[in-house]
Amino acid sequence: METPLNFEKLVEETGPQIRAYIAGMGVPVDDVDDLAQEVYVSFYKSKEKLPQDVLPIRWLKGVAKNICMNHFRKARRRADKHLEVIAELLSQVEETQEQPHADQHSKALQRCIQELNEKNQKLISLRYVEGHPTETVAKLMELTDAAVRVMLFRVRGVLRNCVETKAQGAS
Amino acid sequence: MNEEILAKFLGDRESLSDNEYIQLSETLKNDVALRKSLQQELVFEEFLSRSLSFDRRNFGAQMAQRLRDLEPQPKLKLQPREVRFPLGQQPLVRLRTTRQHRRDQTNSGVLALAACVALLLGAYFLLSKNSSLSVVYSSTVAKVESVAGKAEWARGEKRGEIKVGEEVSVDDTIEVAENGQVTLVYPDQSKIELRPRAKVAFRSQDNAREKIVFLKEGRLIAQISKQKAGAFALESPHALVKVIGTHFSLTQSADETQVAVKEGIVSLQRISDSAEIQVTEGQYVSMKENQPLESKALGPVMKELKLVSLGSEWKYLDNGSNQGTSWRESTFNDEIWVQGKAPLGYGHGGVATEVKSGPQNKKHITTYLRKSFSVSEVKNFRSIQAKFIRDDGVVVYVNGVEAFRSGMPSGEISSATSAAPRTSGGESTVYEASVNAELLRDGENILAVELHQSRGSSSDIFLDLELTASIEENPDFF
């Protein structure tokens, strides 16, 4: 932690976990990277205070939780007061052992997407590659918002199972 | 738990009603398994977004920049990140946040690269000695004054059609449709017209008073009221533009940024290498990577248009017959003629289509060739140039009228007229000739060539030809 280079390495190694941790508290995907950056900035500013016997990832997650809770408290959107409650509940969940960030998961994801039917591939592409909000996806696919949300929910489930199976097979 | 509520929570948090949120919270409080399942869903969604979305793949680079921003000030000064006033004013450091930086990276690979480089670069401001108006700064940066056709705004996950009177805020983006146009007015009466297919993002510095308009693609026309120093900045993926009180256009295509100035002066800086140029009234600059920055006068420019290329397909007749003069006309029916790719000839290296030569020592004197080509806006053609390799002689007609001859005697030419004896040039010499642009017409045109042998015992003939028009164009910047 003495040099910026080491710190950058820490970001590289822990970034996916911290971003997943923040998302796991219910932070909308669009805000995840911004909050993750705040986590590292906060950590960087107080890095001298890091106790020697604490793993940086543990410390980072602690910082992340505080920043996420503050984010919901400060935000003015109607949903945020509810999200604060949900974030608190989700933060109590025992941590998932392994976050899907390894190369094998990414490769598995690409293969799993190829296995989806054309409609579901389009759905995933519009939502996650092009980053359209649900209502735009609904317009482009000539579906209702609710139908798109439920379809996405189910396709994600299919993809998640597929990725886990393929990644386990690969490892 | 209702699947739809979970789907709404995962798909769009804003779509859940208060009651649904309460229902979800209560269920989560009592159902540990659901909490875990929901968390896994959320984590997987983030993984999907991180793996598939282009603009989320540069987290490491963005974070590295944030860290550099946190380094002590003297180190910062070593980096060319300051905005300086050429008239001896104090520098204003532009510390861009990575949040802004990430938004720069949403459009393309080029955009992503340029935005990273942009963090290391600055731009020079111009100062107006008479500037006196202050600017109102708030999260609202402008109002929509007029809308023609269709245009959409995007604010976070929300999107909507733009309407007159709406406010455009920092962090909004606007996309104008093919047939649309949007005019925005700022509190100081500065105006920005977004032309069809324009995509722009609006930003302001966290604690500075700059208004930044980021043109991702398309064109905008800016009429900027006199500003206090540093008040108005425009950016494209390749350039930084600083203005104070001026009227100009900014056009962004995939690999080019153009700035044309009607009034005032605009300072333009290329992001990749910091090359800088001031564009003055009545001038424009087309900026591309690795090309010199040069301002040119607004007005007509000459461009070249290839009408017939070397190696084109031609119709030809190689039976040694006498075709008289009708074959030159555009109305002549050449359907039964054979088609072949140039160069055409025989006994000559590099021939793509071999034509018949005729009997030994009594070779065909004339081979006929025709080529049709289409043009439009002939009125803008200022000159036409032919470049050709011929062996031995040619007479060239455009729409039935002789355009030029080369290697042929003067006077009447028949199918029995031999080419003139060669006095200069070799078999591979490239000849040039001017063609009267008035011989062309809008639509289909016919280029007819008679290729003459110099003598019956000659071993070869050869022809390839290109035709290029010089066109006067008035670039449309406004």
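For clarity, every value in this text was computed on a predicted model and none was experimentally measured. Every chain is numbered from 1 and lettered A, B, ... according to where its sequence line falls, protein lines coming before strand lines.
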Counting heavy-atom pairs under 4.5 Å with chain A, the top scorer among B:Leu48, B:Val32, B:Ile22, B:Leu38 is B:Leu48
Just checking, A:Arg19 and A:Tyr21: is the charged tip under 6.0 Å from the six-membered ring centre and within 45° of the axis? no
Using heavy-atom distances under 4.5 Å, tell me whether A:Val150 contacts chain B through its side chain, its backbone, both, or neither. both
Looking only at B:Glu45, B:Glu41, B:Lys29, the option with the highest number of non-hydrogen pairs under 4.5 Å against chain A is B:Glu45
For chain B, find which of A:Val148, A:Val27, A:Leu109, A:Val137 contributes the most heavy-atom pairs closer than 4.5 angstrom. A:Leu109
Pick whichever of A:Leu152, A:Val41, A:Val85 has the most heavy-atom pairs under 4.5 Å with chain B. A:Val41
Have a look at A:Ile22 and tell me which of A:Val39, A:Asp33, A:Asp31 forms a side-chain contact (heavy atoms from CB on, under 4.5 Å) with it. A:Val39
Quick one: do the A:Tyr128 and B:Ser51 side chains pair a donor with an acceptor below 3.5 Å? no
Walk me through whether A:Tyr40 and A:Phe43 qualify under ring pair (Phe, Tyr, Trp, His ring centres under 6.0 Å). CA-CA 5 Å; A:Tyr40 284 106; A:Phe43 182 86; 7.3 Å; no
Classify the side-chain pair B:Ser17/B:Glu20 by whether it contains a donor and acceptor separated by less than 3.5 Å. yes
